[in-house]
S.K.: 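Have a look at this one before I ask anything.
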2 protein chains.
Amino acid sequence: MSQTTVATAGVASPGVDRIARLEVHDVRFRTSLERDGSDAMNPFPDYSAAYLILTTDAGETGYAMVFTVGRGNDVQAAAIKAFEPLVVGVSIEEAVADTRAFARRLIGDSQLRWLGPEKGAIHMAAGAVVNAVWDIAARRAGKPLWRLLADLSPEQIVALVDFRYLRDALTEEEALAILRAAEPGKPERVAMLLERGQPAYTTTPGWLGYDDAKLARLCAEAVDDGFELIKLKVGADPAEDVRRFGVARAAVGPGTAIAIDANQVWGVPEAIAWITELAPFDPYWIEEPTMPDEILGHAAIRAAVAPIRVATGEHVANPIMFKQLLQAAAVDVLQIDACRVGGVNENVATILLAAKFGVPVCPHAGGVGLCELVQHLAMFDFVAVSGDWDGRYLEYVDHLHEHFATPVVIESGRYRAPLAPGSGAEMITESVRAHTYPTGSVWRDG
Amino acid sequence: MSQTTVATAGVASPGVDRIARLEVHDVRFRTSLERDGSDAMNPFPDYSAAYLILTTDAGETGYAMVFTVGRGNDVQAAAIKAFEPLVVGVSIEEAVADTRAFARRLIGDSQLRWLGPEKGAIHMAAGAVVNAVWDIAARRAGKPLWRLLADLSPEQIVALVDFRYLRDALTEEEALAILRAAEPGKPERVAMLLERGQPAYTTTPGWLGYDDAKLARLCAEAVDDGFELIKLKVGADPAEDVRRFGVARAAVGPGTAIAIDANQVWGVPEAIAWITELAPFDPYWIEEPTMPDEILGHAAIRAAVAPIRVATGEHVANPIMFKQLLQAAAVDVLQIDACRVGGVNENVATILLAAKFGVPVCPHAGGVGLCELVQHLAMFDFVAVSGDWDGRYLEYVDHLHEHFATPVVIESGRYRAPLAPGSGAEMITESVRAHTYPTGSVWRDG
């Protein structure tokens, strides 16, 4: 396949609605000014989105994004743009009818794949394009994405997954059996979800850049808001961590669980020593104790700090890595992210792998739009795969929701199930314009 | 750290030579026309380079590149360009004096790191910038890179490595012991290398797109040229593989070893079945039997197909993944690549890890400039770390060397040790101009 000819590009033919335009915006928020989102690895993030709009000949639009923390958002936008020749001209009917085949064509492109493979900027870019097609699919169906996925038959769900590198841990038959076992009670769970909402936890209080007063105040507010679990960032300084954990515990009382998150700052021996020091405070889980590629490292840490739960996933590149974390008994909690992997299809694969190994999925959210996006996957997991809420908490952070067309709704520590058709990725046009880097008003005037 | 201020950028001060310019070229060769480089995963590659030139205030220049296979080379170039604000203004003396600190600043940048972490386009980009500084360091020392590295003391070599995520497998003390044990005989090995050259193997005959006649002719030529090991691409069709293996064996005779390379096309069970079918032909190694992230998968394959050697590495993203492949006893041969990881420093780390576990390093080469670059790392390994050539073959492919200022020299199946100062990455200006995509003459007129 040469630079100029691409097999997947279609030709104009009457009556077929094709993807006509792939448009990417470099949108950045100046969160570093308040140190919102500050942690041991990301002291000064500027929450950003490489924001994608797909438009068809008929004028249908699909929205998606890749979340980044500032510098490099332009590289991520360029990576999404690189898929334009593979996407423009493709029949939207065909893409929606077989998202696995559509995703394979992008993820498996023999030239673009070299930049990963199946990891990093190019893989997240493929995921965004796949997710934009899912946004169109949900809008066409008149359903929120979670409902579109949950209403599929077990056979249709299995047909979303590329099993090529997964069969040694999960076969098509095993996946089918898991989904069929979850069929009874689906209507009841949909009703429960609509009535009560999806259980959440909050990271809002725990950013490393906040002082004790702000930490204590936000912890107390989290409890008042009905959250049963909060999360603190740790890993910058052991004495500081002990002190802040004490402040948080005093503020929330004994009834609220506290998870901790080191954002990959430790090597394996260091992680074990540090976590052991914090063990007396009974952390609900330790998140990202080391580098996300560390399958064997997470297994060693988990064995050493048990019964403290080990959680990771927001930086895990693909289902092949999630599969190995499960095979190695390296994690107690899987934290999928809506924008890190190759789209909805890969997240469905990971949710099925987690079910096979009996590990709960507690999705990563926050940033820009991650709550709006990933809530659909958590709700699909509850209704159609795991079938229960036990130990399953969906992360919530109260940043930047006002920039979305259908922002998440949180009530007494739970996500209300979204009802609007689509995936939740659509941003408000004026927000995109104002935060476009470097020409938007917030950057020009700042 | 906001978008606009970057801690590492220096200020003009007299007498200090600083990095003044970071310049990237999108260079692409039309190799797909001849199907050179065609394999089971890459049917039509256009060998390309995101080519970097660093220039200092004093006019010193350092060259480096990231190899890609066509589409996406522009994304890779954008990823390199993203490091400009972190690099321009940095004292070249400081960068050369402490390449580990320089590399850490790039690889650990809290915003750019999000696009990896430590993998994919952004990590390869950081590696290119680090390698360009090494090119300047070698030119300043008036030595080829292999000699600059080999002449360092054990303490200086250990000081190149970031041990943060490696200590559970290799400590500074263990690395120092390995290097000290290799000190005796260094001068003799330098003399041997200069006299005899580094042992190589060739992949020139084995591309999947070649017909039997071309395969047989190139196999015979490889034997005449003095190669003891050749490599065939496999994995497209089992019957075809059996037939082509027969053609190659007949052409080279019993005295020449034949390795096979599946370029990641198989899942784990499929790989075991397919390799078992080819076992009667006694392949010297099976390369990339599955996806490079498959630490546990490679371990399972290796256990199942022993005594056939399992090799991988050209797509392994960082030393943390190499470390786990070694910890899991998943590989018999480590294939480092000069452009895949975060530069010379990470490759030194991997060479030390391989020595700790007693696994030979057989570097990946070919593409554009990979032979010119990686030969220096293989020669450093021989002189200063492993101390022998046993089972250590450096890949050779006879493509595109004519575009380099100091092309590799192969004699009777061995690489002559390069003598020119630098890392070998400098391309001929006219080649860069003619192959710049899409404006260069070969693209404009093609």
Side-chain angles (χ1 to χ4, degrees), chain A residues 1-3 28 30 32 41-46 68-72 74-76 78-79 82 85 109-124 163-168 264 267-269 290-297 300 315 317-318 320-321 324 327-328 437-438 443, chain B residues 1-3 28 30 32 41-46 68-72 74-76 78-79 82 85 109-124 163-168 264 267-269 290-297 300 315 317-318 320-321 324 327-328 437-438 443:
Chain A
M1 204 180 301
S2 87
Q3 313 284 332
R28 309 191 192 189
R30 308 199 65 176
S32 61
M41 207 61 132
N42 306 287
F44 295 96
D46 280 319
T68 81
V69 292
R71 263 189 305 287
D74 52 336
V75 176
Q76 190 56 61
D109 178 72
S110 67
Q111 294 187 353
L112 292 175
R113 186 179 182 278
W114 192 271
L115 301 191
E118 297 176 40
K119 58 181 67 66
I122 204 70
H123 195 55
M124 295 193 282
F163 284 87
R164 179 182 201 169
Y165 294 122
L166 304 181
R167 286 193 188 87
D168 57 319
Q264 312 169 32
V268 172
T290 190
M291 209 267 181
D293 295 354
E294 272 285 7
I295 290 152
L296 303 179
H315 284 85
N318 55 54
I320 299 142
M321 293 298 286
Q324 294 178 85
Q327 289 173 310
Y437 181 82
W443 292 105
Chain B
M1 204 181 302
S2 87
Q3 313 283 331
R28 309 190 193 190
R30 308 197 65 176
S32 61
M41 207 62 132
N42 306 286
F44 295 96
D46 282 319
T68 81
V69 293
R71 263 189 308 286
D74 52 336
V75 176
Q76 190 57 60
D109 179 72
S110 67
Q111 294 188 354
L112 292 174
R113 186 179 181 279
W114 191 271
L115 300 191
E118 297 176 42
K119 58 181 68 65
I122 204 71
H123 195 55
M124 295 192 283
F163 284 86
R164 179 182 200 168
Y165 294 122
L166 304 181
R167 286 192 189 88
D168 56 320
Q264 313 170 30
V268 172
T290 191
M291 208 269 181
D293 295 354
E294 270 287 7
I295 290 153
L296 303 179
H315 285 84
N318 54 54
I320 299 143
M321 293 298 285
Q324 294 179 85
Q327 289 173 309
Y437 181 82
W443 292 105

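Sequence lines set the chain letters: A, B, ... in the order given, protein chains first and strands last, and positions in each chain run from 1.
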S.K.: Are any side-chain N or O atoms of Gln111(B) and backbone N or O atoms of Phe44(A), one a donor and one an acceptor, separated by less than 3.5 Å?
M.R.: yes
S.K.: Looking at Gln76(A), Met124(A), His123(A), Met321(A), which makes the most heavy-atom pairs under 4.5 Å with chain B?
M.R.: Met321(A)
S.K.: Kindly determine whether Arg113(A) and Gln264(B) satisfy side-chain contact (heavy atoms from CB on, under 4.5 Å), including the steps that lead there.
M.R.: CA-CA 12 Å; Arg113(A) 186 179 182 278; Gln264(B) 313 170 30; 2.6 Å; yes
S.K.: Tell me, for Ile320(B) versus chain A, whether the close heavy atoms (under 4.5 Å) come from the side chain, the backbone, both or neither.
M.R.: side chain
S.K.: Checking heavy atoms, do the side chain of Ala328(B), its backbone, both or neither come under 4.5 Å from chain A?
M.R.: both
S.K.: Under a 4.5 Å cutoff for heavy-atom pairs, which residue among Val268(B), Leu296(B), Leu112(B) has the most contacts with chain A?
M.R.: Leu296(B)
S.K.: Is chain B contacted by the side chain of Met291(A), its backbone, both, or neither, given a heavy-atom distance below 4.5 Å?
M.R.: both
S.K.: Between chain B and each of Ile295(A), Asp293(A), Asp74(A), Thr68(A), count heavy-atom pairs under 4.5 Å; write down the option with the most.
M.R.: Asp293(A)
S.K.: Where is the tightest heavy-atom contact between Asp168(A) and Pro269(B), given as atom of each residue plus distance?
M.R.: CB-CD, 4.2 Å
S.K.: Testing the basics here: between Tyr165(B) and Glu294(A), what is the closest heavy-atom pair and its distance to 0.1 Å?
M.R.: O-OE2, 3.6 Å
S.K.: About how many Å separate CD1 of Ile122(A) and NZ of Lys119(A), when rounded to the nearest 0.5 Å?
M.R.: 12.5 Å
S.K.: Quick check: do Arg71(B) and Trp114(A) have side-chain heavy atoms less than 4.5 Å from each other?
M.R.: no
S.K.: Could you tell me which of Val75(B), Leu115(B), Asn318(B) has the largest number of non-hydrogen atom pairs under 4.5 Å with chain A?
M.R.: Leu115(B)
S.K.: With only heavy atoms counted, which part of Pro117(B) is less than 4.5 Å from chain A, the side chain, the backbone, both or neither?
M.R.: both
